[in-house]
Amino acid sequence: MELLFVTVIGASISLGVRYLVPGRQTHGALLVPAVGAAATAAVWAICVWLGLTFDGGWIWVIALVLGPLASLAVALALPKRREAADAALLERLMKPTPAA
């Protein structure tokens, strides 16, 4: 049950990240929160596997910091990559085609 709670909280924090970072028009509304939720759940599972208990405070801190940090990394990297890909596509589409 705690995995569900931490995943929802991580997605909520990551939703805030989506609106704090510029460039959100380059990706979907749920991409950054979904990355945050997935990363939070994965970090939680790794922490449990490493022996941290769900009722300890550190597992919550680690999962709820690293998950949104992953979404922050995606939110910062994606606009630059998207703009570069769009520019490359536009350049490719603007090239004249050889006459048949």
- Message: For a quick test of reading the model, state the closest non-hydrogen atom pair linking Arg82 to Thr26 and the distance between them.
- Response: NH1-O, 2.9 Å

- Would you indicate whether the side-chain heavy atoms of Leu72 and Val32 approach each other to under 4.5 Å? no

- Note on the structure: Tightest non-hydrogen contact, residues Glu2 and Trp44, listed as CB-CZ2, 3.7 Å

- Answer with yes or no whether the hydrophobic clustering places Leu4 together with Val43; edges join I, L, V, M, F, W, Y residues whose side-chain heavy atoms lie under 4.5 Å apart. yes

- Query: Which heavy-atom pair separates Val35 from Ser71 by the least distance, and what is that distance?
  - Reply: CG1-CA, 4.0 Å

- Task: Determine whether Pro68 and Thr40 make a side-chain contact, defined as any pair of heavy atoms from C-beta on separated by less than 4.5 Å.
- Result: yes

- Message: Do Thr53 and Ile59 have side chains that approach each other closer than 4.5 Å (heavy atoms only, starting at C-beta)?
- Response: no

- Common cluster, Val17/Val74, ILVMFWY with side-chain heavy-atom separation under 4.5 Å: no

- Answer yes if Leu30 and Ile9 sit in the same cluster of Ile, Leu, Val, Met, Phe, Trp and Tyr residues linked by side chain heavy atoms under 4.5 Å apart, and no otherwise. no

- Message: Looking at Gln25, I'd like to know if its CD atom is crowded, meaning that more than 12 non-hydrogen atoms belonging to other residues, nucleotides or ligands lie closer than 6.0 Å.
- Response: yes

- Message: Is the shortest side-chain heavy-atom distance between Ile62 and Leu52 below 4.5 Å?
- Response: yes

- Item | Leu66 CG to Cys47 SG distance, which is reported to the nearest 0.5 Å | 7.5 Å

- Query: Is the backbone N or O of Ala29 less than 3.5 Å from a side-chain atom of Arg18, with the two atoms forming a donor-acceptor pair by type?
  - Reply: yes

- Task: Say whether Leu76 and Leu15 are linked into one hydrophobic cluster, either directly or through other cluster members, by side-chain heavy-atom distances under 4.5 angstrom.
- Result: no

- Interatomic distance, CG@Leu78 vs NZ@Lys80, rounded to 0.5 Å, equals 11.5 Å

- Query: Is there a side-chain contact between Trp60 and Phe5 (heavy atoms, below 4.5 Å)?
  - Reply: yes

- Would a hydrophobic clustering, with Ile, Leu, Val, Met, Phe, Trp and Tyr connected at side-chain separations under 4.5 Å, put Trp58 with Phe54? yes

- Query: Can you tell me how far OG of Ser14 sits from CG of Leu64, rounded to the nearest 0.5 angstrom?
  - Reply: 9.5 Å

- Task: Determine the minimum heavy-atom distance between Pro22 and Pro79, stating which atoms define it.
- Result: O-CG, 4.1 Å

